[in-house]
Number of protein chains: 2
Amino acid sequence: MESVTEARLASALRLSVMRLSRRMRQERSSSLSPTQIATLATLERHGTMTLGELAAAERVQPPSMTRVIAFLSDAGLVSRSAHPTDGRQVIASLTPAGAALLASDRAQRDEWLAGRLAALSAEELATISHAAPILDALANS
Amino acid sequence: MESVTEARLASALRLSVMRLSRRMRQERSSSLSPTQIATLATLERHGTMTLGELAAAERVQPPSMTRVIAFLSDAGLVSRSAHPTDGRQVIASLTPAGAALLASDRAQRDEWLAGRLAALSAEELATISHAAPILDALANS
DNA sequence: TATTGTTATACTCTATAACTATA
DNA sequence: TATAGTTATAGAGTATAACAATA
């Protein structure tokens, strides 16, 4: 009856994860859109990237990434520079202000959740600690 | 050092949950928008509701819910009726077609996740089983 | 008057199509 | 010619403001 168990667990897990992600989304207080924040995070993770690479990473079309980068650049959160050898390409990288905003945004989000976690028992915290990497593996599988 | 542990766990859990929810969102193959699906699910959970109650439940403004219900009603997924005693209010309820679509949508979403769960060990499945209700409690806290 | 829902209008985010500049 | 990015334009989803109907 393994498959029955998995089907039921899948249903329960999906609902729980979606509810928690929705709640976390509501608790954010950033002035940037999800894609703008994600773009900053991707730049932090990968260092400098071309506009096309960023569009592929965020799964948006190039014109959309053009707008995202234009906004972030105007806000001083990323810098745009010409590619050293290919004049067609545009290189984007995180500015110190962008990195700082990302860190503060991240801390704000974590703050709400950390407060909730403080109300859990040690056993529940242990369960969550073990579950987090498993959820991560599921997301990447 | 309890708070340090919780802060780190909060960060890890938030990332894992967001990644998995994003992945699950990508795996959906519904023709309805997230809000439209959520509205059907809320109606299934609560039975008949007024348009104002639905707007509050989904955290959208009344005009937005007017549009959602108009679309779902045109599609035959919900029925609209007058309130028995208050002529201003509009009562919405799920039709059999709406319930069927919801069930099929849910099964489609569960299918992908169940397939991934099948690759986990018994111990990992047990961890996830215990974690799901805790995530739910976090979402509702 | 206050409340429920609708209509009118605008904004944000993203897409496709057409275009410019460089390879 | 092919490719990287931009500009022009359109569509989906949601919001606020103004309005109509009912309490």
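Per chain, numbering begins at 1; letters A, B, ... match sequence-line order.
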Grab the two heavy atoms, one from [X] and one from [Y], that are nearest each other, plus how far apart they are.
| X | Y | answer |
| --- | --- | --- |
| A:A92 | A:L54 | CB-CD1, 4.0 Å |
| B:L51 | B:M65 | O-CG, 3.7 Å |
| A:A10 | B:A114 | CB-N, 3.7 Å |

With sequence neighbours excluded, what pairs up with B:R88 under the salt bridge (charged side-chain N to carboxylate O under 4.0 Å, His left out) test?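 In terms of salt bridge (charged side-chain N to carboxylate O under 4.0 Å, His left out), with neighbours along the sequence ignored, B:R88 is linked to B:D86.
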
Can you sort out the partners of A:E111 under salt bridge (charged side-chain N to carboxylate O under 4.0 Å, His left out), two or more places apart, ordered by chain and number?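 A:E111 satisfies salt bridge (charged side-chain N to carboxylate O under 4.0 Å, His left out) with no residue once adjacent residues are dropped.
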
Which residues pass the side-chain hydrogen bond (donor to acceptor under 3.5 Å, both in side chains) test with B:S141, not counting sequence neighbours?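 side-chain hydrogen bond (donor to acceptor under 3.5 Å, both in side chains) list for B:S141, sorted by chain: empty.
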
Could you run down nucleotides 12-22 of chain C 5' to 3' and tag each one B, S or - for protein heavy-atom contact under 4.0 Å? -SBBBB----B

Between which nucleotides of DNA chain D, read 5' to 3', does contact with chain B run, using atoms under 4.0 Å from its heavy atoms?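 The contact span of chain B on DNA chain D goes from D:dG13 to D:dA23.
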
Check: residues 129-136 of chain B side-chain donor-acceptor pairs under 3.5 Å, at least two apart:
from, atom 1, to, atom 2, distance (Å)
B:S129, OG, B:L125, O, 2.9
B:H130, ND1, B:A126, O, 3.0
B:D136, OD1, A:S16, OG, 3.1
B:D136, OD1, A:R19, NH1, 3.0
B:D136, OD2, A:R19, NH1, 3.0

